[in-house]
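Values reported hereafter were calculated over all heavy atoms of this structure, with side chains retained and with hydrogens, waters and symmetry mates removed.
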Amino acid sequence: MLNHIHQWTRPLKRFPLKSLTLTTPLSSLTLTKPSASASASASASASAADTDPADTYDPAASLEILKCLKSKDLYSSSLCLKTFVDRLNSVQVDEVIGDLGVEDPELAIELFYLLKNEHGFRHSRVCSFVVAHVLAGKRRLMELRSFLRELVEQEGSGSAPSLCELLGNRFRVWESNGLVWDMFAFVYSRSEMVHDALFVLAKMKDLNIRASILTYNSLLFNLRHTNIMLDVYEEIKASGAPQSEYTTSILVDGLCRQSLFQEAVAFHQETERKGSMPSVASFNTLISRFCEVGYIDVAKSFFCMMFKYGLLPDAYSYNILIHGLCVVGSMEEALEFMDDMENHGVEPDVVTYNILAKGFHLLGMMCGAWEIIRHMLHKGLNLEIVIYTILMCGHCQTGDIEKVFELREEMLSQGFQLNDICYSVLLSSLCKKGRISEALSLLHEMESIGLKPDLVTYSILIHGLCKQGEVQHAIQLYNKMHSKRVFPNSFTHGAILWGLSEKGTLSEARTFFDVLTKSGLIKDIVLYNIMIYRYAKLGKIGEAVQLYKQIFESRITPSIVTFNSLIYGFCKSRKLAEARTWLDTISTHGLVPTAVTYTTLMNALCEEGNIRGMLEVLSEMETRAIKPTNVTYTVVVKGLCKQHRLQESLHLLDSMHAKGISPDEFTYNTIIHCFCKAQDMRKAFQLHSEMLLHNLQPGPVTYNVLINGLCVNRDLTEADRYFSFLQDQNIRLTKPAYTTLIKAHCAKGDASKADALFRQMVEKGFEISIRDYSAMINRLSRRKLTPNVKVFLRMMLSDGISLDQEICLVILNAFRGVGDLNSEFELLAVTIKHGLFPD
DNA sequence: CGGAGTCCTG
């Protein structure tokens, strides 16, 4: 697995163009026109590195092959080749194809593919370049591109210097050599081997070969996050290559991404001064980036500016702006722009509907969706597909997947096709519900109807699999996406790293992390944060700090999450003073502590019993105007409860409601637990009703707490009644609910009731461990209920769980206690046989 | 331009 990852994460070394130096002098440049006689020595030296020294040139054999090829049809040629193929070596193939490339290019290519496909011949680099030149000469550009792409991906990153040397030495005088160079640089760039692309460009400059704007654009795009982008742009200007409108919009985009907004705007307007018009694409980029950072008004003014230039916004312009408005919740204005869109003759498309549907559902405004539908009706537009899209998105967001599937059936029966976004939305909902296998079969369905899952689709699934703990399966998918040439990004990597650290071992996760970071391409603080959090959680604060230092060596910036995880780590290791010190250093990094930061520290203080200290931190937080969250208050409630300040905690709960910070299940569980401990079951159940009143669904933990409370504080029959009531209501209960009740019945000596519950628990499919059996057997033994002990002993053994020493001694004691000598000796024999008897 | 979600606190 790791090998794969290594292949995909090609290093991106940052070096400016100026610093590029040639690794070999060009004095060896040979300008011999390739011909049958003269090229033999040249090729022998050029390919010396990758040919076997035993390979020698046999002109006679070559001549024979040529003769055979020229005189016969392809089929016969293939047969003829078969007789030669054992005697062929790469030098000969280079020669033959090289010669043919000049005389009869078509035949050369045919021969090449014959050798490659039918005889499995591994061609040399020389041969590849001959074919490349032939393809270039014939202007078969798409073929040339994929051919060279295959070549550079085979050679891998860092291969540019040696390939350039070959290309420069042997092929300089070939027709179309310039085109091959350009395409060569282009494919390196497209394959994200940026430094190789830069190397090729530098060589081209030396050789006075001009790169095309397509190549430059691709490179600019790949470098748009870095400051090298502008260096490349200087190169473009110097080279005098005619720029396309994409050049501008890539640069505008890149400057925005580097937070150089002023520069981006200036650049955008500069095009006007140069006599040409800013393009719609360039405007769209600006609108999009400004929306992204929340400057909707600025985005809108750029939108208006387009009209002033006499440019008409396209569907992209509208969708970008409508999206921006939806994100900030200005649905009304978004709808106005949709009107405007139609008035200007731009049809809203499926993207527009997706954006609006999502916008309405984010705000919980289903009626807004109907607004759109009415609108569509009015315009007489194709309604069905719009309604379906909106409804599907809506149901996905509320998690009602069954409804989505119904709609899907309906759509399909009416001959409509789901688009790839619909599929992704559906996949995402399925994953969130943990229904991964259905998601996977939907992926196959997508593929079977010809939709291509992309990075996002795969990432959703990989993330879903990792969340379910199926990391191995996730990795399989990760490999599959690579084979389909879909390359993972930090989202994907983050999901895998998270899954590995959660389900696998920490060292496995670390190995993966090291491969990613050492490649140099992935520089993402999130990956560091995940790793640091893991170390922190396991109390390995030393390793966490070590990684923190590495962040700076990698020249990336820590985020507040980094510090929060570190503080969490110090708290876990009970080093609260250090945690405090780290909290105080946050501001020196230009970051602001969040509620999470303070809550982490407060929780640690609370656990330590330092409630005063906790409350001090709370007030410090308030003076620094950092809003406490419901988690913060839950911690405070916990602290107050610890000191039996129940009335205060109830008061806090009320003030939370008043402040609009809704308490969640955790908050209620905490406070209910406190009232149970204080033996106030009436209040505990009252709080439970309050939860329902606030539309909060009590979870299994809530019920465990309540059942336990009843067991401890009330008559056991009340607990039994409540338990059956919950079961009748089909409320999901977890194992602790059962074990709590079992424990209580054992303590009371009601073995048959305990027995029945235990069997129920087994029937429900809960995983029963030796701990559960021994707890049961222990309690029964202590009460000398040996017949029941025997029953459970048999159950346990038939469940495939073997005895341990501790449980043997307990049972032996019980048998002896009741004078059941037969059983005692029988078990003693087993105990000794299994070597469990203590010395 | 739409569909992943930056994996930190109870």
> Does a distance-only test, which skips hydrogens and angles, find a donor-acceptor pair under 3.5 Å between the side chain of A:D420 and the base of B:dG3?
Replying inline: no
>> So if I take every side-chain heavy atom of A:F666 and compare against B:dC1, B:dG10, B:dA4, which nucleotide ends up nearest?
In response: B:dG10
>> So A:T600, base contact, sugar-phosphate only, or nothing? Heavy-atom distance under 4.0 Å.
In response: sugar-phosphate
> Which nucleotide sits closest to the side chain of A:V561: B:dC7, B:dG10, B:dC1?
Replying inline: B:dC7
> Atom CG of A:N564 to atom P of B:dT6: distance rounded to whole Å?
Replying inline: 14 Å
>> Let's see if you can work this out: which of B:dA4, B:dG10, B:dG2 has an atom nearest to the side-chain heavy atoms of A:V635?
In response: B:dG10
>> Please pick, from B:dG2, B:dT9, B:dT6, the nucleotide with the shortest atom-to-atom distance to any side-chain atom of A:T599.
In response: B:dT9
> What do the steps show when you test A:Y668 against A:H688 for side chain to side chain contact (heavy atoms under 4.5 Å, CB included), and what is the final call?
Replying inline: CA-CA 8 Å; A:Y668 274 101; A:H688 166 263; over 6 Å; no
> When you look at NZ of A:K677, are more than 12 heavy atoms from neighbouring residues, nucleotides or ligands closer to it than 6.0 Å?
Replying inline: no
> Rounded to the Å, how far apart are A:W498 CH2 and B:dC8 C1'?
Replying inline: 9 Å
>> Side chain of A:V425, heavy atoms from C-beta onward: which of B:dT9, B:dC7, B:dG3 has the nearest atom to it?
In response: B:dG3
> Can you check the A:D454 CG to B:dG3 P distance for me, whole Å?
Replying inline: 12 Å
> Nearest of B:dC7, B:dG3, B:dC1 to any side-chain atom of A:I421?
Replying inline: B:dG3
> Is it the case that more than 12 heavy atoms not belonging to A:K540 sit under 6.0 Å from its NZ atom?
Replying inline: no
> Just how far, in rounded Å, is P of B:dC8 from CD1 of A:I551?
Replying inline: 15 Å
>> Once hydrogens and angles are ignored, does a donor-acceptor distance under 3.5 Å link the base of B:dG10 to the side chain of A:D664?
In response: yes
> Using a cut-off of 4.0 Å on non-hydrogen atoms, how would the nucleic acid contact of A:A495 be classed: base, sugar-phosphate, or nothing?
Replying inline: base
> Is there a donor and acceptor pair, one atom on the side chain of A:N489 and one on the base of B:dA4, closer than 3.5 Å?
Replying inline: yes
> To the side chain of A:S288, which of B:dC1, B:dG10, B:dG3 is closest?
Replying inline: B:dC1
> Is it true that a side-chain atom of A:S288 and a backbone atom of A:N284 form a donor plus acceptor pair closer than 3.5 Å?
Replying inline: no
> Nearest of B:dG2, B:dC7, B:dT9 to any side-chain atom of A:I355?
Replying inline: B:dG2
> Should A:N529 be listed as having a side-chain N or O under 4.0 Å from OP1 or OP2 of B:dC8?
Replying inline: no
> Are A:N603 and B:dG10 close enough that a side-chain N or O sits under 4.0 Å from OP1 or OP2?
Replying inline: yes
> Can you check the A:F337 CZ to B:dC1 P distance for me, whole Å?
Replying inline: 17 Å
>> By the 4.0 Å heavy-atom rule, please label A:S428 as base, sugar-phosphate, or nothing.
In response: sugar-phosphate
>> From CD1 of A:I530 over to P of B:dT6, roughly how many Å is that when rounded to an integer?
In response: 9 Å
>> What is the separation between atom CG on A:L455 and atom P on B:dG5, rounded to the nearest whole Å?
In response: 13 Å
>> What contact category does A:Y316 fall into here, base, sugar-phosphate, or nothing, at under 4.0 angstrom with non-hydrogen atoms?
In response: base
> For the side chain to side chain contact (heavy atoms under 4.5 Å, CB included) test, which of A:L497, A:V486, A:I462, A:V456 pairs with A:T492?
Replying inline: A:I462
> Among the nucleotides B:dA4, B:dC1, B:dG10, which one has an atom lying closest to any side-chain atom of A:H323?
Replying inline: B:dC1
> Should A:M621 and A:P628 count as side-chain neighbours, where that means a heavy-atom distance under 4.5 Å?
Replying inline: yes
> A:D349 CG to B:dG2 P: how many Å, rounded?
Replying inline: 12 Å
> When you check the gap from the basic side-chain N to the acidic O, do A:E333 and A:K300 get nearer than 4.0 Å?
Replying inline: yes
>> Between A:Y533 and B:dT9, is there a contact of a side-chain N or O with OP1 or OP2 at under 4.0 Å?
In response: yes
